[in-house]
Colleague: 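Take this structure first; my questions come after.
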Number of protein chains: 2
Amino acid sequence: MQAMRSDLEQSGYDVICINSNTEFVNKVADIKPDLLIIEEPWGKDSGLETCKQLRLSGAVFPLVVIMNGDTVDDRVACLQAGADDYFVKPYRSETFLRLVRLYLQPTQAGQTESLKFDNLILDLSSRIAYRGGQAISLTMKEYDLLKYLMEHPREVLTREQILENVWGFDFLGESNVIEVYIRYLRLKVEGNGEKKLIHTVRGVGYALRDA
Amino acid sequence: MQAMRSDLEQSGYDVICINSNTEFVNKVADIKPDLLIIEEPWGKDSGLETCKQLRLSGAVFPLVVIMNGDTVDDRVACLQAGADDYFVKPYRSETFLRLVRLYLQPTQAGQTESLKFDNLILDLSSRIAYRGGQAISLTMKEYDLLKYLMEHPREVLTREQILENVWGFDFLGESNVIEVYIRYLRLKVEGNGEKKLIHTVRGVGYALRDA
DNA sequence: TTAAGCATTAAGGTGTGATTAAGTGGCGCA
DNA sequence: TGCGCCACTTAATCACACCTTAATGCTTAA
């Protein structure tokens, strides 16, 4: 806790620590943080319960949970509670700080250094993707494909579009490269029982969606 | 409420918030908003009551209600009160903003990104339809058929026209595909006790109409 | 009342996509 | 120069979602 605090402060962030549970939800609403980190266990209620309440009361900031356990159930519970991301103890500063930086970096246009969709983050400078506190390394084609998908969230991208933009073909071959690479991405991005993000639209192509 | 306001403003919309109930209906008539969002509960009267009054006094803008509950009764009540759409708390910005964008996007010709008819919206880039705050996913043929209907609102489309435009046949088979697909669409689009939109014109074909 | 038109339902076949494994070629390294 | 690894592609088989057909039930208009 203290370690994390000083790490964050050394990186130039304003940090507010709240240890008590009392009136927590209201306080947070006043503070309007850019990012909220909840560390389990949290007071009498679990951190996840607090998390749920925050979302119900309309909280829209990114919300990261730090857990003790690392079972599939833990992870699913976090996401259902409305967390954007989870992190598992022991707390390791470098990876964690990188994630914090990605979450706090201004989202608007201009020089975007990373792409975000749901709790999936693609860091363009390091070409590393993050999901659920986990770094995902990508090969070139995997990166290109994921980047293309993330640049057009929710949009259905046809095979032709994908072939043209990722592979640079302007004709349609008999190949199934796309299917294979979609599979590689799915294994890496949705491999740990995470929510499905890469959706097949039969007869058309693929789309990045949250439902 | 505040969260929503800042989200909308960040997306470039002019937002006016009214907290008091007094003279509300008249005020709104003066303002002539492009979109009205009512959040339950709303003053002494329910938001739905206000909604009803607005419609009775001739309001024609899109009207979205944000509810606490999510029962079938809630939803039906919203629509009967004249709301175009409803949304359920907790309010999560992205989905909501998407809907707002769809409602406010200029309707006229040119680059249409979505088709609208009554409270039914078809998003062309994601191939997803929306009705009553509910996303409706469509198969290819369903999408093609709905798109064709929505491109010709109120117009009666003959079986020949539909077969030609959706299935690409230029002859008339003995098949009842159209009936079957009309049914699929009706189940998805009018399945939740919504108002009927797809009408049969006996001996001719089908038409998208609000009455 | 009756026939034609449409609605509804369920079951089968087809094609598209998923999956798996084997092949190819480039690059670093000994 | 040759070996081996890794990224990428091809190919072959499997699975199932979607589309179609067909058979039955219901409505409407003459």
Side-chain angles (χ1 to χ4, degrees), chain A residues 126-129 136-149 156-191 193-194 196-209 211, chain B residues 127-129 136-149 156-191 193-194 196-209:
Chain A
S126 69
R127 301 180 143 243
I128 293 177
I136 302 168
S137 71
L138 302 165
T139 70
M140 198 162 67
K141 285 279 137 80
E142 286 167 355
Y143 171 81
D144 289 345
L145 177 54
L146 182 58
K147 176 156 168 270
Y148 185 50
L149 286 170
V156 179
L157 302 170
T158 65
R159 278 149 208 290
E160 292 82 46
Q161 287 178 304
I162 294 174
L163 266 186
E164 201 175 319
N165 276 280
V166 177
W167 274 266
F169 301 164
D170 41 358
F171 62 95
L172 199 53
E174 298 288 304
S175 153
N176 69 335
V177 239
I178 297 180
E179 281 92 336
V180 175
Y181 266 80
I182 286 285
R183 175 161 162 79
Y184 290 162
L185 273 188
R186 291 214 248 236
L187 286 175
K188 289 191 174 180
V189 168
E190 305 165 340
E194 304 263 0
K196 199 178 169 186
L197 289 182
I198 303 170
H199 292 257
T200 308
V201 181
R202 220 152 213 272
V204 193
Y206 296 90
L208 208 63
R209 283 209 281 257
Chain B
R127 298 177 147 250
I128 291 178
I136 302 169
S137 72
L138 303 165
T139 70
M140 199 161 64
K141 284 278 138 78
E142 286 167 355
Y143 171 82
D144 289 345
L145 177 55
L146 182 59
K147 176 155 168 268
Y148 185 50
L149 287 170
V156 179
L157 302 169
T158 66
R159 278 149 208 291
E160 292 79 42
Q161 287 178 305
I162 294 174
L163 266 186
E164 200 176 319
N165 275 279
V166 177
W167 274 265
F169 301 164
D170 41 358
F171 61 94
L172 199 53
E174 299 289 304
S175 153
N176 68 337
V177 240
I178 296 180
E179 280 92 337
V180 174
Y181 267 80
I182 286 285
R183 175 162 160 79
Y184 289 162
L185 273 188
R186 292 215 248 237
L187 285 175
K188 289 191 174 179
V189 168
E190 305 165 341
E194 306 261 1
K196 197 176 171 187
L197 290 182
I198 303 170
H199 293 260
T200 308
V201 181
R202 210 153 214 272
V204 192
Y206 298 90
L208 207 64
R209 283 206 287 257

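Chain identifiers are assigned alphabetically (A, B, ...) following the order of the sequence lines, protein sequences preceding nucleic acid strands; residue numbering begins at 1 within each chain. For clarity, every value in this text was computed on a predicted model and none was experimentally measured.
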Colleague: Mark yes or no for a side-chain to base donor-acceptor pair under 3.5 Å between A/Asn176 and C/dT16, with no hydrogen or angle criteria applied.
Modeller: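 Answer no: no donor N or O sits under 3.5 Å from an acceptor.
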
Colleague: Side chains of B/Trp167 and B/Ile162, heavy atoms from C-beta outward: is any pair under 4.5 Å?
Modeller: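 B/Trp167 reaches B/Ile162 side chain to side chain.
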
Colleague: State whether the side chain of A/Glu190 and the backbone N or O of A/Leu197 hold a donor-acceptor pair below 3.5 Å, judged by distance alone.
Modeller: yes

Colleague: In whole angstrom, give the distance that lies between atom CG of A/Leu163 and atom P of D/dC8.
Modeller: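 Taking atom P of D/dC8 as the reference, CG of A/Leu163 is at 15 Å.
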
Colleague: Send over the distance from A/Lys196 NZ to C/dG17 P, rounded to a whole Å.
Modeller: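 That distance rounds to 13 Å.
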
Colleague: May I have the distance from A/Glu190 (atom CD) to C/dA18 (atom P), rounded to whole angstrom?
Modeller: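 Whole-Å distance recorded here is 11 Å.
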
Colleague: Between D/dC19, D/dT27, C/dT19, which nucleotide gets closest to the side-chain atoms of B/Arg202?
Modeller: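 That would be D/dT27.
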
Colleague: Is B/Arg183 close enough to C/dA7 that one of its side-chain N or O atoms is under 4.0 Å from OP1 or OP2 there?
Modeller: no

Colleague: Let me know the distance between NZ of A/Lys188 and P of D/dC8, rounded to the nearest Å.
Modeller: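 Atom-to-atom, A/Lys188 to D/dC8, this comes out as 9 Å.
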
Colleague: A/Tyr181 has a side chain; which of C/dT19, D/dT9, D/dT10 sits nearest to it?
Modeller: D/dT9

Colleague: Distance check: side-chain N/O of A/Arg159 vs OP1/OP2 of C/dG17, anything under 4.0 Å?
Modeller: yes

Colleague: Between D/dT9, D/dT10, C/dA18, which one does the side chain of A/Ser175 approach most closely?
Modeller: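 Among D/dT9, D/dT10, C/dA18, the one nearest the side chain of A/Ser175 is D/dT10.
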
Colleague: Would you say C/dA18 has OP1 or OP2 under 4.0 Å from some side-chain N or O of A/Arg186?
Modeller: yes

Colleague: When you measure from the side-chain N and O atoms of A/Tyr206 to the phosphate of C/dA18, is any distance below 4.0 Å, counting only OP1 and OP2?
Modeller: yes

Colleague: For C/dT16, does either OP1 or OP2 sit under 4.0 Å from a side-chain N or O belonging to A/Thr200?
Modeller: no

Colleague: Quick check: do B/Arg209 and B/Val201 have side-chain heavy atoms less than 4.5 Å from each other?
Modeller: yes

Colleague: Run the salt bridge (charged side-chain N to carboxylate O under 4.0 Å, His left out) test against A/Glu179 and tell me which residues pass, sequence neighbours left out.
Modeller: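 A/Glu179: salt bridge (charged side-chain N to carboxylate O under 4.0 Å, His left out) contacts with A/Arg159.
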
Colleague: Side chain of B/Val177, heavy atoms from C-beta onward: which of D/dC8, C/dA18, D/dT20 has the nearest atom to it?
Modeller: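 From the listed options, D/dT20 comes nearest.
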
Colleague: To the nearest Å, how far apart are A/Glu174 CD and C/dT16 C1'?
Modeller: 13 Å

Colleague: Starting at atom OH of B/Tyr184, determine the distance to atom C1' of D/dC19, rounded to an integer number of angstrom.
Modeller: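 Whole-Å distance recorded here is 7 Å.
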
Colleague: May I have the distance from A/Glu179 (atom CD) to D/dA11 (atom P), rounded to whole angstrom?
Modeller: 14 Å

Colleague: Whole Å only: how far is the CD1 atom of B/Ile182 from the P atom of C/dC6?
Modeller: 11 Å

Colleague: Are any of A/Thr139's side-chain N or O atoms less than 4.0 Å away from OP1 or OP2 of D/dC6?
Modeller: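 No, because none of the side-chain N or O atoms of A/Thr139 sits under 4.0 Å from OP1 or OP2 of D/dC6.
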
Colleague: Any side-chain N or O of B/Trp167 below 4.0 angstrom from OP1/OP2 of D/dT20?
Modeller: yes

Colleague: Do B/Arg127 and B/Lys147 come close enough that some side-chain heavy atom pair is under 4.5 Å?
Modeller: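 Result no, sub-4.5 Å side-chain heavy-atom pair not found.
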
